[in-house]
Amino acid sequence: AATLGFGIKLLAIITRDLVKNELCVRVHPTLLPVDNVIANVSGVYNAISVTGDVVGTTLYSGRGAGQDATASAVISDIADAAALLKHGKGSRLLGESPAPARGGCRLAPPENIRCRYYLRLAVKDQPGVLARVATVMSRHKVSIASVIQGPAEQKGAASLVLTTHQSNDRAMRATLAQLKGLSAVLEEPLLLRIGDFD
């Protein structure tokens, strides 16, 4: 990741598409460009970046309360935010009686969740392996943006690191499932999302 100019952060991401009336809520490790402000938040500090159609992007940063309390607070806040976005003002927490839906939205299907991806594979170091990997990705309409190949820890193996252009979660899941079945792939693939947020 560092070779490609990225840092890794655990992010909670909430987006709402007002045109499609869809909500996407996810939590996962994300690659961020090292010059991104959120990528440089560390130690006891937490940050929230909010992007609105009128205000643009604003950032709020401050001290956290330690790992356990922070994790609890973040999960609670995400649940509150998701309930608010889905059901509107005055909504209740998940598990409580739902508030009446007023123009509520639906959860975004995997094909509407789009981003770039980082994929690392341990493969047999032999001719044609990259071509087989590229064929699988092409079959699922996942376009390769960059490839870095280097030696792997085990003898006769290579480390293959690929980044993609914009794709979607459904296509990447199908790609990953098929890549796992290739005889040339020696270990469980590592897939991370790249957070461009443009």
Side-chain angles (χ1 to χ4, degrees), residues 1 6-33 36-41 45-62 64-65 67-119 137 140-143 145 163-178 189-198:
F6 293 114
I8 301 175
K9 290 290 179 183
L10 179 63
L11 298 184
I13 303 166
I14 302 172
T15 56
R16 180 160 184 195
D17 185 326
L18 295 173
V19 175
K20 295 178 181 173
N21 200 26
E22 291 178 346
L23 178 69
C24 176
V25 180
R26 46 199 172 113
V27 177
H28 50 70
T30 306
L31 293 177
L32 292 172
N36 182 293
V37 176
I38 297 280
N40 294 293
V41 174
Y45 288 90
N46 294 324
I48 298 174
S49 176
V50 179
T51 303
D53 57 354
V54 176
V55 73
T57 300
T58 57
L59 182 79
Y60 308 91
S61 179
Q67 64 185 15
D68 294 337
T70 300
S72 174
V74 167
I75 290 169
S76 174
D77 290 347
I78 291 169
D80 287 346
L84 177 65
L85 287 171
K86 185 163 180 156
H87 301 292
K89 197 172 186 178
S91 60
R92 292 170 170 77
L93 291 174
L94 303 176
E96 296 181 3
S97 301
R102 293 173 307 187
C105 58
R106 67 184 185 112
L107 290 178
E111 61 270 16
N112 290 353
I113 302 171
R114 300 187 58 80
C115 67
R116 296 189 310 130
Y117 295 86
Y118 165 100
L119 176 63
M137 294 179 79
H140 297 286
K141 297 184 176 22
V142 176
S143 176
T163 62
T164 73
H165 292 287
Q166 281 259 335
S167 189
N168 67 73
D169 270 15
R170 184 180 302 278
M172 285 308 301
R173 288 180 196 173
T175 299
L176 215 55
Q178 195 166 0
L190 173 68
L191 182 72
L192 295 172
R193 291 167 179 87
I194 298 174
D196 294 319
F197 306 119
D198 293 333

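For the atom pair OG1 (T51) and CG (D53), the distance works out to 10.5 Å, reported to the nearest 0.5 Å. Between H28 atom NE2 and T30 atom OG1 the span is 4.5 Å, to the nearest 0.5 Å. Distance check: I38 CD1 to L32 CG gives 7.5 Å after rounding to the nearest 0.5 Å. Taken to the nearest 0.5 Å, the SG atom of C115 stands 8.0 Å off from the CD1 atom of I13. Between atom OH of residue Y117 and atom CD of residue Q166 there is a gap of 8.5 Å, rounded to the nearest 0.5 Å. The distance from atom CG of L31 to atom CD1 of I8, rounded to the nearest 0.5 Å, is 5.0 Å.
Counting heavy atoms of neighbouring residues, nucleotides and ligands inside a 6.0 Å radius, atom CD1 of I48 does not exceed 12 of them.
Between R173 and P110, some side-chain heavy-atom pair lies under the 4.5 Å cut-off. Contact of the L107 side chain with the C24 side chain is not registered, since no non-hydrogen atoms from C-beta on lie closer than 4.5 Å. Residues S167 and R116 fail the side-chain proximity criterion, which asks for heavy atoms closer than 4.5 Å. At a threshold of 4.5 Å between non-hydrogen side-chain atoms, the residues L10 and V27 count as touching. Counting heavy atoms from C-beta outward, V50 and Y60 have side chains that approach closer than 4.5 Å. Two residues are said to be in side-chain contact when any heavy atoms from C-beta on lie closer than 4.5 Å; L119 and V142 fail this criterion.
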query: Does the side chain to side chain contact (heavy atoms under 4.5 Å, CB included) test come out yes or no for L85 and I14, once each step is laid out?
result: CA-CA 9 Å; L85 287 171; I14 302 172; 3.1 Å; yes

**Study point:** Evaluation steps, side chain to side chain contact (heavy atoms under 4.5 Å, CB included), between T164 and I194
**Key:** CA-CA 9 Å; T164 73; I194 298 174; over 6 Å; no

Practice task
Would you sort out whether L23 and T15 count as a side chain to side chain contact (heavy atoms under 4.5 Å, CB included), showing the intermediate values?
Solution key: CA-CA 6 Å; L23 178 69; T15 56; over 6 Å; no

Practice problem: Go through the steps for N112 and D17 under the test side chain to side chain contact (heavy atoms under 4.5 Å, CB included), then give the verdict. | Solution: CA-CA 10 Å; N112 290 353; D17 185 326; over 6 Å; no

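Under the 3.5 Å distance criterion, the side-chain polar atoms of N40 are matched with a main-chain donor or acceptor of N36. At distances below 3.5 Å, not a single donor-acceptor pair connects side-chain atoms of T163 with backbone N or O atoms of Y118.
With respect to D169 and R193, a salt bridge is recorded, a charged nitrogen being found less than 4.0 Å from a carboxylate O.
R170 is linked by a salt bridge (charged side-chain N to carboxylate O under 4.0 Å, His left out) to E111, counting only residues two or more places apart in sequence or in another chain.
Annotation: salt bridge (Lys or Arg N to Asp or Glu O under 4.0 Å) contacts involving residues 19-33, sequence neighbours excluded, comprise E22-R106.
Pairing each heavy atom of P33 with each of F6, the nearest pair is N-CD2, 3.5 Å.
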